[in-house]
Amino acid sequence: MTGFNTRAIHAGQEPDPATGAVIVPLHLTTTYKQDGVGGLRGGYEYSRSANPTRTALEEVLAALERGMRGLAFASGLAAEDTLLRTVCEPGSHVVLGGDAYGGTFRLISRVASRWGVEHTPADLNDVDALRAAIRPSTRVVWCETPTNPLLNVADIALLAEVAHGAGALLVVDNTFASPYLQQPLTLGADVVVHSTTKYLGGHSDVVGGALVVGDDADLAERLAFSQNAMGAVAGPFDSWLVLRGIKTLGVRMDRHQVNAARVAEFLLTHPAVASVRYPGLPDHPGHDIAAKQMSGSGGMLSFRLAGGEEAALRACERTRVFTLAESLGGVESLIEHPARMTHASAAGSPLEVPADLVRLSVGIEDVEDLLADLDQALS
């Protein structure tokens, strides 16, 4: 199976051999009957270690990202924590993109730092800055592209070359793009991270995370060992919900990005807007890189208000179709103020975001309703 949508619907999801059911069963069990001591049926003994519903999700995640192994977790941050604790040790160093999700920054700067992992923020669009940030102890270069919330775009292949030259792993958070628009492993990344809560789940009804490993079998086994040992696994019902969402990922992303492009064009000409950040716009600084490594520009964008922070807060509070809420990637459109919401933990740090910035997760509603809503909120 080579087509993306075919893989999304069928990979790891063969009809149930017992009943012929075309949807993966929801295996709500904690334990499994053994055929004699140590005689496991299909490798299942306890659902922290493995569950057939989660296995199906992990297989389709690997297929979509063109990786050798997928691992599903209880949240995106649980996936990130497991990865950091597996590849780092006291004294290790992480280079973190200078525009990263506030939760990732909080995990690295306030949790991992307590057991001796150091970090340096760096502009990943500046190769010289990246090289300067790397130390002999650097184990990971951590990249988001597009970034949250400034929608910066990094050259994955170039970052992989620099990271590997220093003996470090390149980890790419692919949540904003989703595997429908970008497969970082094919560009040289070692591990892909997802919050499956977002576009993969797609319906704002499940929290989850994932890691997908490229062609490093040893790393895959180490991460699988940590997943079981640490235990922050995706439950069977959460796995089932993400599996359901993945089946429509392609058609949803098509609509998300058509709507987002229209919204970006509208905001560009609005007198209340100072600037718009969307990779699909020709004047975006990462437009050419995005065109090279992505098959579309996605459903996320941000913009800055000419009236400053107060204008940004008013816009967030006045929308009627866009819902004021954190998270992203669901079928409904969301609006938020990153500096006071998702990225509050980065205040006062090198990753602090502008106070006049508004972030949009553009949903799949009728786009004319979205444009009218933004117009009234900004007027």
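As the structure is a computational prediction, the values presented were derived from the model and not from experiment.
Tracing side-chain contacts under 4.5 Å through hydrophobic residues (I, L, V, M, F, W, Y), one reaches M300 starting from V192; they form part of the same cluster. Follow the hydrophobic side-chain contacts under 4.5 Å out from L378 and you reach L370 in the same cluster. Residues V258 and F322 are members of separate hydrophobic clusters, defined by side-chain heavy-atom contacts under 4.5 angstrom among Ile, Leu, Val, Met, Phe, Trp and Tyr. Under a hydrophobic-cluster definition in which Ile, Leu, Val, Met, Phe, Trp and Tyr are linked whenever side-chain heavy atoms come within less than 4.5 Å, directly or via other members, V212 and I246 are assigned to the same cluster.
E161 is linked by a salt bridge (charged side-chain N to carboxylate O under 4.0 Å, His left out) to nothing, counting only residues two or more places apart in sequence or in another chain. Partners of S113 by side chain to side chain contact (heavy atoms under 4.5 Å, CB included), not counting sequence neighbours: none found.
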Just distance, no hydrogens or angles: give the donor-acceptor pairs under 3.5 Å from side chains in residues 122-132, sequence neighbours left out.
| residue | atom | partner | partner atom | Å |
| --- | --- | --- | --- | --- |
| D123 | OD1 | N125 | N | 2.9 |
| N125 | ND2 | V153 | O | 2.6 |
| D126 | OD1 | D128 | N | 3.0 |
| D126 | OD1 | A129 | N | 3.1 |

Less than 3.5 Å apart, which donor and acceptor atoms pair up between the side chains of residues 264-276 and the rest of the protein, not counting sequence neighbours?
| residue | atom | partner | partner atom | Å |
| --- | --- | --- | --- | --- |
| T269 | OG1 | F266 | O | 3.1 |
| H270 | ND1 | A272 | N | 3.1 |
| H270 | NE2 | D375 | OD1 | 3.3 |

Output a table of donor-acceptor pairs, distance under 3.5 Å, between side-chain atoms of residues 230-241 and any protein atom two or more places apart or on a different chain; print 'none' if there are none.
| residue | atom | partner | partner atom | Å |
| --- | --- | --- | --- | --- |
| S239 | OG | G235 | O | 2.9 |
| W240 | NE1 | V24 | O | 3.1 |

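Listed by chain and number, the hydrophobic cluster partners of V37 come to none, as no ILVMFWY side chain reaches under 4.5 Å of it.
Residue E58 comes nearest to L71 through the heavy atom pair OE2-CA, 3.4 Å, listed as atom of the first residue, atom of the second, then distance. Summarising the geometry of M253 relative to G298, their closest heavy-atom pair is CE-CA, 4.4 Å, with the distance given to 0.1 Å. Looking at every heavy atom in both residues, P149 comes nearest to L357 through CG-CD2, 3.6 Å. Across H164 and L170, no two heavy atoms sit closer than the pair NE2-N, 4.4 Å. Between R85 and W115, the shortest heavy-atom contact is CG-CZ2, 3.4 Å. Of all non-hydrogen atoms in Q13 and V60, the two that sit nearest each other are NE2-CG2, 3.7 Å.
Checking side-chain atoms of S75 against main-chain N and O of G208 turns up no donor-acceptor pair under 3.5 Å.
For H256 and Y199, the ring centers sit closer than 6.0 Å to each other.
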Would V172 and T145 count as a side-chain contact (heavy atoms from CB on, under 4.5 Å) here? Give the steps. CA-CA 7 Å; V172 177; T145 182; 4.2 Å; yes
Go through L371 and R262 one step at a time and tell me if the side-chain contact (heavy atoms from CB on, under 4.5 Å) criterion holds. CA-CA 8 Å; L371 300 180; R262 288 282 305 278; 3.5 Å; yes
Does the pair H194 and E65 meet the rule for a side-chain hydrogen bond (donor to acceptor under 3.5 Å, both in side chains), with working shown? CA-CA 11 Å; H194 278 285; E65 286 286 6; 2.6 Å; yes
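With Y44 as the fixed residue, the side chain to side chain donor-acceptor pair (under 3.5 Å) test singles out one of T31, T29, T55: T55. Put simply, the residue from I108, V140, T120 that forms a side-chain contact (heavy atoms from CB on, under 4.5 Å) with L96 is I108.
Relative orientation of the Y180 and F4 rings is perpendicular, given thresholds of 30° and 60° on the angle between their planes.
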